[in-house]
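Single-structure report; data block below.
The figures that follow rest on heavy atoms only: side chains count, while hydrogens, waters and symmetry mates do not.
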Amino acid sequence: MTNEGTGRPDMADLDIHLSALDRCRTAINRAAGQYEDTLSEHNPGELIYNDSDRPRNNRAPINADTFGDLTDSATLATASNVVWNTIIGEMDEARRKLADAERGLNSVEENIRSAHRATS
């Protein structure tokens with residue numbers, strides 16, 4: 001709907017769109033928080049980042065003894081540590097991308113509000 005004679009959206013329409021943006025932002029924030037919670041629960045302590053801005057694995061490394069007397073237990077332990085580090089990195093990347101999307105939605109909302117104020 002538009003205001004008669006102006007061709008601009010009326011405030012009720014604008015509120016519907018802003019409400020939809022807010023619901024999206026809330027869902028994104030919740031998902032990002034779930035990634036962060038999972039990272040904290042399964043990677044004890046504060047997330048610490050290395051020089052290349054990747055999260056550091058705070059867990060004690062898996063060692064060969066974990067797999068008993070297997071012939072290649074050391075190889076399996078090394079591979080397990082690589083997998084765990086990859087999981088941590090991927091979860092952190094997902095959390096970051098969701099946070100970027102949330103910031104993007106904030107910018108969209110701010111731009112819409114500014115444009116509406118400028119044309120009101």
From I28 atom CD1 to R103 atom CZ, the distance as rounded to the nearest 0.5 Å: 11.0 Å
Validation row: R95, Q34 side chains within 4.5 angstrom (heavy atoms): no
Lys/Arg N to Asp/Glu carboxylate O, R96 vs D92, below 4.0 Å: yes
Pairing of D22 and R25 as salt bridge, 4.0 angstrom limit: yes
Over all atoms of both residues, closest heavy-atom pair of G68 and S73: O-OG, 3.8 Å
Trace of the side chain to side chain donor-acceptor pair (under 3.5 Å) decision for S19 with R23: CA-CA 6 Å; S19 176; R23 285 192 308 275; 2.8 Å; yes
Minimum heavy-atom distance L14-H116, with the two atoms named: CD2-CG, 3.3 Å
Reported CD1-to-OG distance for the pair I112 and S107, which is rounded to 0.5 angstrom: 11.0 Å
Taking every non-hydrogen atom, the tightest pair across A64 and A77: N-CB, 3.7 Å
Heavy-atom side-chain proximity of M91 to I87 below 4.5 angstrom: yes
Candidate list V83, L76, N81, test side chain to side chain contact (heavy atoms under 4.5 Å, CB included), partner I62, passing option: N81
CG (D69) with more than 12 external heavy atoms under 6.0 Å: no
Side-chain touch L18/R113, heavy atoms, less than 4.5 angstrom: yes
Rounded distance [0.5 Å steps], CG in N85 versus CD in E90: 12.0 Å
